A.B. asks: 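Following this message is one structure expressed as structure tokens.
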Number of protein chains: 2
Amino acid sequence: MTRTAKTSGDHRDWVKKVEDICEANALQLTPLRRQVLELISRAKAPLGAYAVIDQLSQSRAKSVAPPTAYRALDFLVDHGFVVKIASTNAYAPCDHLGHHHHGMLLICNRCGRADEIENPKLDAVLAETAARIGFRPQRQVVEIEGLCGACGEAVAAPQALPNG
Amino acid sequence: MTRTAKTSGDHRDWVKKVEDICEANALQLTPLRRQVLELISRAKAPLGAYAVIDQLSQSRAKSVAPPTAYRALDFLVDHGFVVKIASTNAYAPCDHLGHHHHGMLLICNRCGRADEIENPKLDAVLAETAARIGFRPQRQVVEIEGLCGACGEAVAAPQALPNG
DNA sequence: GTCTGGTATGTTATAACATAACATATTGGA
DNA sequence: TCCAATATGTTATGTTATAACATACCAGAC
């Protein structure tokens, strides 16, 4: 139900799906944009813009400047392929390709993993609450920071760590 | 049910309430912290950290450096008097003094006004969704950007603007 | 073919947001 | 008085993001 820390097969499927959507909608998934997409897709945890810049720079003779990376990120975010996490200023792959809204993000404070979950009930509650005061929602940010399942267990049972 | 763009009476009531909580809990509401509290309280829309710095600087002979303002802001946020809006990096008064969690923030993209609403259903849905995948929440950010009631009407009926 | 207009990228500089590290002052007890 | 804790001041720098303008690339018109 989520993304980030995918297996390599998942990774390829996901990139392929983005390619298909771009093709179907005449969106230009250029080499640069594709490269940024791959970087984000392969990352274990959401990447900051400057991590993207560093990785792009390492793959080239000359280092890339911030606007180059930010424009590629903006493209990916604008079309719903990548989500920008407001509370950490980081970018993660969006698992719900094709939907034009985002679910809630569960962000692990220990390992950095971010998972996106959709819950129709959440959308309903948000819409209802906004309507109650005559507010017209345009964009929603729902981010929960805490401990993911694995890290929660690791913290509760620290003796499980090998070698100390 | 909300805050920001209070009347002057609301403003004083709110500051007084913070004072009382500080007194009751032996928290030091120093002149600096109080000044920042007032700035945020009086602002029509959430203030960025550097807006706070500028206003502090104007009220003194010498300009204040960022850490001074950030420390005061951190104090106010840590004790739940002020909320930091992640999606805009701005600070707004918290209306739900005494509760140690935040409701959802409705942020107007047109006038900047931010209102905080509590909804137990929202908390329930978030908790339930997190529990479903074994996630332990520590902090939640729920921010909805859009148009507030007044701005929604203004946009729908632009002929209402005087003088063109 | 080349002109033109749109889109994407490169380049330079700077704006906006935030904190590390260390110095000084203030306060309230032992 | 001295100490320790807390708060603030100061300097420098780190981090995130964008403005403004130059260049490259590509598709269709002529």
Side-chain angles (χ1 to χ4, degrees), chain A residues 18-19 22-23 25-37 39-40 43 45-79 81-92 112 141 143, chain B residues 19 22-23 25-37 39-40 43 45-79 81-92 107 112 141 143:
Chain A
V18 172
E19 285 170 355
C22 286
E23 181 138 4
N25 296 88
L27 301 175
Q28 299 193 46
L29 187 60
T30 62
L32 174 69
R33 290 167 176 175
R34 207 199 131 101
Q35 192 180 357
V36 173
L37 188 78
L39 288 174
I40 290 173
L47 287 179
Y50 279 71
V52 171
I53 291 168
D54 289 347
Q55 294 194 37
L56 285 177
S57 296
Q58 281 171 22
S59 71
R60 303 183 172 203
K62 199 170 184 308
S63 72
V64 308
T68 298
Y70 276 101
R71 283 188 290 231
L73 289 168
D74 287 347
F75 169 87
L76 298 172
V77 170
D78 286 348
H79 294 96
F81 305 138
V82 161
V83 55
K84 176 171 184 183
I85 305 176
S87 50
T88 55
N89 300 312
Y91 298 83
V141 174
E143 295 166 6
Chain B
E19 285 170 353
C22 286
E23 181 139 2
N25 295 90
L27 301 175
Q28 299 193 47
L29 188 60
T30 62
L32 174 71
R33 290 167 177 175
R34 207 199 131 102
Q35 191 180 357
V36 173
L37 188 77
L39 289 175
I40 290 173
L47 287 180
Y50 279 68
V52 171
I53 291 168
D54 289 346
Q55 294 195 36
L56 286 177
S57 296
Q58 281 172 21
S59 72
R60 301 181 173 205
K62 198 169 185 311
S63 73
V64 308
T68 298
Y70 275 102
R71 283 188 290 233
L73 288 168
D74 287 346
F75 169 87
L76 298 173
V77 169
D78 286 347
H79 294 96
F81 305 138
V82 161
V83 55
K84 175 171 184 182
I85 304 175
S87 49
T88 56
N89 299 314
Y91 298 82
I107 305 156
V141 174
E143 295 167 5

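Every value quoted in this text rests on a predicted model; they were computed, and no experiment measured them. Throughout, protein chains are lettered first and strands after them, A, B, ... in sequence-line order, and every chain is numbered starting at 1.
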A.B. asks: Mind checking whether B/H79 and B/F75 have parallel, tilted or perpendicular rings, split at 30° and 60°?
C.D. replies: tilted
A.B. asks: To the nearest 0.5 Å, tell me how far B/L76 CG sits from B/L29 CG.
C.D. replies: 7.5 Å
A.B. asks: Got a second to check how far A/L32's CG is from A/T68's OG1, nearest 0.5 Å?
C.D. replies: 7.0 Å
A.B. asks: Could you give me the CA-CA distance, side-chain angles and deciding distance for A/V52 and A/Y91, then say whether side chain to side chain contact (heavy atoms under 4.5 Å, CB included) is met?
C.D. replies: CA-CA 9 Å; A/V52 171; A/Y91 298 83; 5.7 Å; no
A.B. asks: Taking CG from B/L47 and P from C/dA18, how many angstroms apart are they, rounded to a whole number?
C.D. replies: 13 Å
A.B. asks: Measure the spacing between OG1 of B/T30 and CG of B/L27 and express it to the nearest 0.5 Å.
C.D. replies: 11.0 Å
A.B. asks: Is the phosphate of C/dA8 approached by A/Q28 (side-chain N or O, under 4.0 Å from OP1 or OP2)?
C.D. replies: yes
A.B. asks: Sugar-phosphate atoms are those with a prime plus P, OP1 and OP2; base atoms are the rest. Using that split, label each nucleotide of nucleotides 9-18 of chain D B, S or - for protein heavy atoms under 4.0 Å, 5' to 3'.
C.D. replies: BBB----BBB
A.B. asks: Distance check needed: C/dT7 P versus A/H79 NE2, whole Å only.
C.D. replies: 12 Å
A.B. asks: Could you state the CD1-P distance from B/I53 to D/dT8, rounded to the nearest angstrom?
C.D. replies: 15 Å
A.B. asks: Would you find a donor on one side and an acceptor on the other, under 3.5 Å apart, between the side chain of A/E143 and the backbone of A/A86?
C.D. replies: yes
A.B. asks: Send over the distance from B/Q35 CD to D/dA7 P, rounded to a whole Å.
C.D. replies: 17 Å
A.B. asks: Specify the separation, in whole Å, of atom CZ of B/R33 and atom P of C/dT27.
C.D. replies: 13 Å
A.B. asks: If I take atom CG in residue B/D54 and atom P in nucleotide C/dA15, what distance separates them, rounded to the nearest angstrom?
C.D. replies: 13 Å
